[in-house]
Amino acid sequence: MSNAEIAAALEELAVLYQLDGADRYRVLAYTNSARTIRDQGVSVEEMAIRGEVTALPGVGKTLEEKILALIETGEIPAAAKLKEKLPPGLIEINRIPGLGPKTVRRLHDELGVTGPDDLRAAAEAGRVRELKGLGAKSEQSILEGLDRLAEEPSGPSRMLLDEVLPLAEDLVAALREHPSCERAEIAGSARRMSDTCKDIDLIATSESPQVLAVHIAAYEAVASAGKASANGVRLETHLGVGVDVRIVAPDAFGNLLQHFTGSAAHNTLLREVAVSEGLHVSEHGITDDETGQSETFRTEEQVYERLGYRYIEPELRENRGELEAARAGELPELVERSQVRGDLHCHTTLSDGQNSLKEMAAAAEQLGYEYLAITDHSASHGFGDGVPADDLLRRVEEIRQFNEESEGIRLVAGSEVNIDRDGTLDYDDEVLAELDWVIASIHTGFSKSESAMTARMIAAIEHPAVDCIGHATGRLLTRRDPYPLNIEAALEAAARSNTAFEINGSPKRRDLSDIHARMAKQAGVKIVLNTDAHRAGSFDYMRYAVATARRAWLGPADILNTGPWWK
DNA sequence: GCCGTTTTCGGCCCGACTGTTTTCAGTCG
């Protein structure tokens, strides 16, 4: 059972408890533990079987028992019991914005609602407004929520970072161009460079906040806007992305930026620790219990300093030990994009790329790179894009020729070689011996068992010709789950045989993930930051590879292509 | 339900907005 499945079961139980009217801290305990479990790079199932799951923060005896029952029987007895009492349709209508557990429970108890269909009937018959505290507006918004639920049964999907970042940057520029805007920045998950975003958070400072809110609400990308107030405004863009704009006075910019950059888990722990030290933190300032005085700060550095921390880079703010490290002065030096000296994974028209060898080389040189590996797909790639061994060897010659004639960038002759179902590679060893750089990747047979996939991966890792493993888990963000793989065993093999792993910077992949890349560092495996560019413009994906590396606490010393070409 | 240099009980982060009421509960981020 995967960590995601265990986490989903605990989240479901949290919702059921909430609908049942349980103490909110009990509910919080389940949602927090679900997040912790989802964040683990290693199998929580195996931890639980070994009796080690209570070592995770927020997981105690009771949760251990429930997790073990889930693993053994496929369900948690407490959840099964609650489901008998509470119709499953209630969980569904709880997802309607504005309908929380308390209201859902009353709709059930007082109107006999069991799911979306009865709720629609009740709302259309005007019976919802008969409930105390609900009126015509609530009834209308419930009907609208039901329509959206019917359109998107699984809820609004998260968007890839590269889908929201350009929009966020446009909106920040639009804020900055207004004369009343003093400062504006991207906050939220986009600033933390998360894999995906639910919406965009922007913050700004202004002496006339309401004027600025009205200005941004009229921007061309905005489809509709809520009420523009002195605190900001909520926008919906034509791309369907929600945007929260928050505005404060200039002297509290640091507090606001810190607050809205998050993550929720980072801020919660930050505030809890502060309370234990007599300080209360909010977006408006830091209040001292003793004096009752509130302080505001213009920069985030000052906010963290006041609370006793070194400055924490946004990419680290996920409650993964960064606060403790910042107290102890043990935060890592993080890699920066300017330190990357070459890209070691790209495709040309020889396989499925859109630009020629020379075009790719020119684009990489333009970026200031010292070297670029050309790694077209191998013989059995399929889609008519495979490269037979003879074509590859001619390409190697072409690259040698290029390097002799070129004063600038050095091209590295490589290939992205398929790992077949049995763990063998699809070029002969003599062909591979002609190459300077071999990436091995899995592109087929994703549905095998974990042990089979792991054995296959380790066979490739141990192949003497292989330098690096490409997009190791095969995940496609928001579209395809990673195939089953024992990443710990793979990393251990890689450390032994001195094989690198890439962080694939394609915003669809970000693979290794931040969590796995951090495990790789701890296992002593070297990382390569790559783009897997299929056209020259995609070399910019390096920003996402760098972002994942930073989220994994990696510094330049952990990454091979921050140095000169070494082979 | 978890947790502990206030440790086995009694706490557990903070504020804005909405819709409904005239002071607030529920929801959300």
Side-chain angles (χ1 to χ4, degrees), chain A residues 10 13-36 53-67 76 78 93-107 128-142 145 156 187-189 197-203 209 213 226-234 242-248 252 255-256 258-287 289 294 307 319 323:
Chain A
L10 294 174
L13 182 54
V15 175
L16 287 165
Y17 272 138
Q18 220 175 2
L19 290 170
D20 198 39
D23 174 68
R24 69 193 182 98
Y25 292 107
R26 181 145 67 116
V27 174
L28 201 60
Y30 282 95
T31 43
N32 283 344
S33 66
R35 179 189 179 274
T36 303
V53 77
T54 53
L56 295 173
V59 179
K61 271 275 157 225
T62 308
L63 270 154
E64 176 179 48
E65 211 174 279
K66 288 184 160 68
I67 292 166
I76 303 173
I93 61 176
N94 189 44
R95 296 217 325 270
I96 294 173
L99 273 195
K102 295 247 166 61
T103 314
V104 170
R105 188 59 198 262
R106 288 185 55 216
L107 289 166
V128 168
R129 71 180 72 182
E130 291 166 8
L131 264 59
K132 188 166 161 55
L134 297 178
K137 273 195 177 170
S138 304
E139 206 167 69
Q140 188 54 36
S141 92
I142 284 172
S189 53
C197 301
K198 189 163 66 71
D199 57 13
I200 295 173
D201 288 299
L202 303 178
I203 68 152
K227 206 176 93 201
S229 79
N231 288 316
V233 63
R234 168 83 188 178
V243 183
D244 266 322
V245 183
R246 298 297 303 262
I247 309 173
V248 290
N255 302 86
L256 188 71
Q258 195 287 320
H259 180 86
F260 278 97
T261 297
S263 63
H266 172 89
N267 281 356
T268 301
L269 183 62
L270 180 91
R271 293 194 287 259
E272 278 173 3
V273 173
V275 166
S276 73
E277 293 165 354
L279 298 171
H280 297 271
V281 182
S282 82
E283 63 265 50
H284 304 296
I286 299 174
T287 310
D289 271 346
S294 197
L307 297 170
N319 189 21
L323 285 164

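Every chain is numbered from 1 and lettered A, B, ... according to where its sequence line falls, protein lines coming before strand lines.
- Residues A:Ala213 and A:Ser229 share a closest heavy-atom pair of CB-O, 3.7 Å.
- Distances were taken from every side-chain heavy atom of A:Pro101 (C-beta onward) to each of B:dG15, B:dG1, B:dT27; the shortest belongs to B:dT27.
- Protein atom CZ of A:Arg246 is 17 Å distant from nucleotide atom P of B:dC14, rounded to whole Å.
- Between A:Arg26 and A:Asp20, no side-chain nitrogen of the basic residue sits less than 4.0 Å from a carboxylate oxygen of the acidic one, so the salt-bridge criterion is not met.
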Intermediate values then yes/no, side-chain contact (heavy atoms from CB on, under 4.5 Å), A:Leu134 and A:Arg129:
CA-CA 5 Å; A:Leu134 297 178; A:Arg129 71 180 72 182; 5.8 Å; no
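- The phosphate of B:dG1 (OP1 or OP2) has no side-chain N or O of A:Ser33 nearer than 4.0 angstrom.
- Between B:dG11 and B:dA16, the two C1' atoms lie 26 Å apart (nearest whole Å).
- If you check every strand for non-hydrogen atoms under 4.0 Å, A:Lys227 touches nothing.
- Across the interface with DNA chain B, nearest-nucleotide mapping of A:Thr54 and A:Gly100 shows A:Thr54 to be the residue nearer the 5′ end.
- The side chain of A:Ser138 sits closest to B:dG19 out of B:dC2, B:dG19, B:dG15.
- No engagement by A:Ser276 is indicated, since no non-hydrogen atom pair under 4.0 Å with the nucleic acid exists.
- Distance from the side chain of A:Lys137 is smallest to B:dG19 among B:dG29, B:dG19, B:dA16.
- At the phosphate of B:dG1, neither OP1 nor OP2 sits under 4.0 Å from any side-chain N or O atom of A:Tyr25.
- Spacing between B:dG4 and B:dT8 at atom C1', rounded to whole Å, works out to 9 Å.
- Using a 4.0 Å heavy-atom cutoff across all strands shown, A:Leu28 reaches no nucleic acid atom at all.
- Rounded to whole Å, the separation between the C1' atoms of B:dC13 and B:dG29 comes to 13 Å.
- Atom C1' of B:dG1 sits at a distance of 24 Å from the matching atom of B:dT5, rounded to the whole Å.
- Here A:Leu134 lies in heavy-atom contact (under 4.0 Å) with sugar-phosphate atoms only.
- Nucleotide B:dG15 forms a Watson-Crick or G-U wobble pair with B:dC28, both donor-acceptor distances falling under 3.5 Å.
- When the nucleotides B:dG26, B:dC17, B:dG1 are ranked by their closest atom to the side chain of A:Asp23, B:dG1 comes out on top.
- Across all strands shown, A:Ala136 has heavy atoms under 4.0 Å from sugar-phosphate atoms exclusively, and none from any base.
- OP1 and OP2 of B:dG19 both lie 4.0 Å or more from every side-chain N or O belonging to A:Ser141.
- Nearest to the side-chain atoms of A:Ser229 among the listed nucleotides B:dT27, B:dC14, B:dC17 stands B:dC17.
- Neither OP1 nor OP2 of B:dC14 sits under 4.0 Å from any side-chain N or O of A:Asn267.
- Nearest nucleotide to the side chain of A:His284, out of B:dC2, B:dT27, B:dA16: B:dA16.
- Residues A:Asp289 and A:His280 bring a donor and an acceptor atom of their side chains to less than 3.5 Å of each other.
- The same atom, P, is picked in B:dT20 and in B:dC28; the two are 15 Å apart, to the nearest Å.
- Among B:dC13, B:dG15, B:dC2, the nucleotide with an atom closest to any side-chain atom of A:Ser282 is B:dG15.
- Side-chain proximity of A:Asp201 to the nucleotides B:dC17, B:dG1, B:dG29 is greatest for B:dG29.
- Here A:Phe260 lies out of heavy-atom contact (under 4.0 Å) with every strand.
- Contact annotation for A:Asp199: no contact, since no heavy-atom pair falls under 4.0 Å across all strands.
- The side chain of A:Thr103 approaches B:dG26 more closely than any other nucleotide in the set B:dG1, B:dG29, B:dG26.
- A:Val281 comes within 4.0 angstrom of the backbone, heavy atoms only, and of no base.
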